[in-house]
Amino acid sequence: MDNQKPANQLRFLNRLYSIIFFSYIIFLILSSLVVSNAGPLLQEDPGLFTIIKSIAIGFPIILIPIAYTWPQRKIKAIDESSPLEEKMIFYRKALSLRLLLILVVALAVSFIFMLIGDTNLIMVLAIVLLFLVLSRPTPFKVATDLGLSDQEKLELMK
């Protein structure tokens with residue numbers, strides 16, 4: 001199958017990354033517009049806002065490491081003697097999981113930002129964005145993660 005070629009798998013990952021990245025940015029802009037034009041969606045309640053803000057900060061603290069370690073374990077478990085096509089299928093699944101977990105964190109924090117309007121959450125969203133940018137699939141990162149030979153690297157770049 002043509003879509004099983006390693007280069008096609010990498011293109012799929014790059015398209016997925018672009019979709020997730022732009023979705024993140026669009027949702028961030030929309031949530032910012034909602035808060036700036038309508039204010040927070042909840043009435044101010046200091047006790048409730050403290051709890052919600054703690055959840056918004058704790059959620060990334062828990063899920064971002066999971067988004068890195070869980071897929072990374074799956075990547076490390078890929079048999080080095082497998083054909084490149086098979087390695088890339090497993091890599092695509094693992095990296096897709098990572099990207100989707102990061103998006104879930106970003107959407108949750110953005111939603112909480114709309115609820116309480118605490119601008120400190122923008123800093124949390126910036127940190128989550130940094131993790132998303134660091135997760136961008138590049139041929140060099142794929143080659144390093146999978147420990148590819150020179151021949152496999154060339155096949156990946158086709």
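Since this is a predicted model, take the numbers as computed values, not measurements.
There is a path of hydrophobic side-chain contacts, each under 4.5 Å, that joins Val34 to Phe111. Follow the hydrophobic side-chain contacts under 4.5 Å out from Phe12 and you never reach Ile19; the two are in separate clusters. Grouping the Ile, Leu, Val, Met, Phe, Trp and Tyr side chains by contacts below 4.5 angstrom, directly or via other members, places Ile29 with Ile127. Note on Ile89: it does not cluster hydrophobically with Leu95, by side-chain heavy-atom contacts below 4.5 Å among ILVMFWY residues. Following chains of ILVMFWY side-chain contacts shorter than 4.5 Å, one cannot reach Ile26 starting from Val104, and the two form parts of different hydrophobic clusters.
Residues Phe21 and Val133 share a closest heavy-atom pair of CE1-CG2, 4.0 Å. Nearest heavy-atom pair, Asn14 versus Pro137, reported as atom, atom and distance to 0.1 Å: OD1-O, 2.8 Å. In this structure, Pro71 and Ala94 approach most closely via the heavy-atom pair CB-O, 3.2 Å.
In this structure, the separation between CG on Leu101 and OG on Ser96 is 11.0 Å, given to the nearest 0.5 Å. The structure places CD1 of Ile51 at 11.0 Å from CD1 of Ile116, a figure rounded to the nearest 0.5 Å. Atom CG of Asp150 sits about 7.0 Å away from atom CG of Leu154, to the nearest 0.5 Å. In this structure, CD1 on Ile52 lies 11.0 Å from CG on Asp118, to the nearest 0.5 angstrom. A distance of 10.5 Å separates OG1 of Thr138 from OH of Tyr17, quoted to the nearest 0.5 Å. How far CG of Leu129 is from CG of Leu28: 8.0 Å, rounded to the nearest 0.5 Å.
In this structure, the side chains of Phe113 and Pro40 stay at 4.5 Å or more apart for every pair of heavy atoms. Ile102 places a side-chain heavy atom less than 4.5 Å from the side chain of Ser135. The closest side-chain heavy-atom distance from Glu85 to Pro6 is below 4.5 Å.
Under a 3.5 Å cut-off, the side chain of Arg98 and the backbone N or O of Ala67 do form a donor-acceptor pair. At distances below 3.5 Å, at least one donor-acceptor pair connects side-chain atoms of Glu152 with backbone N or O atoms of Ser149. Put simply, the side chain of Tyr24 gets close to the backbone of Leu125: a donor and an acceptor are under 3.5 Å apart.
Applying the side-chain contact (heavy atoms from CB on, under 4.5 Å) test between Lys53 and each of Ile55, Thr50, Ile57 identifies Ile57 as the sole match.
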Could you please spell out the steps behind the side-chain contact (heavy atoms from CB on, under 4.5 Å) verdict for Val35 and Thr119? CA-CA 9 Å; Val35 170; Thr119 55; over 6 Å; no
Could you go through the side-chain contact (heavy atoms from CB on, under 4.5 Å) check for Ile112 and Phe49 one step at a time? CA-CA 10 Å; Ile112 292 172; Phe49 277 25; over 6 Å; no
Where do Phe27 and Met114 land on the side-chain contact (heavy atoms from CB on, under 4.5 Å) test, with the steps shown first? CA-CA 11 Å; Phe27 201 77; Met114 285 192 303; 4.0 Å; yes
For Leu97 and Trp70, run side-chain contact (heavy atoms from CB on, under 4.5 Å): C-alpha distance rounded to whole Å, both residues' side-chain angles, the deciding distance at 0.1 Å, then the answer. CA-CA 9 Å; Leu97 176 64; Trp70 186 17; 3.7 Å; yes
Could you tabulate the donor-acceptor pairs under 3.5 Å formed by side-chain atoms of residues 139-146, not counting sequence neighbours?
unit_1: Lys141; atom_1: NZ; unit_2: Leu134; atom_2: O; d: 2.2
unit_1: Lys141; atom_1: NZ; unit_2: Arg136; atom_2: O; d: 3.2
unit_1: Thr144; atom_1: OG1; unit_2: Phe140; atom_2: O; d: 2.9
unit_1: Asp145; atom_1: OD2; unit_2: Tyr91; atom_2: OH; d: 2.8

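The distance between the ring centers of Tyr68 and Phe131 falls below 6.0 angstrom.
For Leu100, the side-chain contact (heavy atoms from CB on, under 4.5 Å) partners at least two apart in sequence or on another chain are Ile20.
A donor-acceptor pair shorter than 3.5 Å can be found between the side chains of Asn8 and Arg11.
Between Lys87 and Glu80 there is no salt bridge, since no side-chain nitrogen of the basic residue lies less than 4.0 Å from a carboxylate oxygen of the acidic one.
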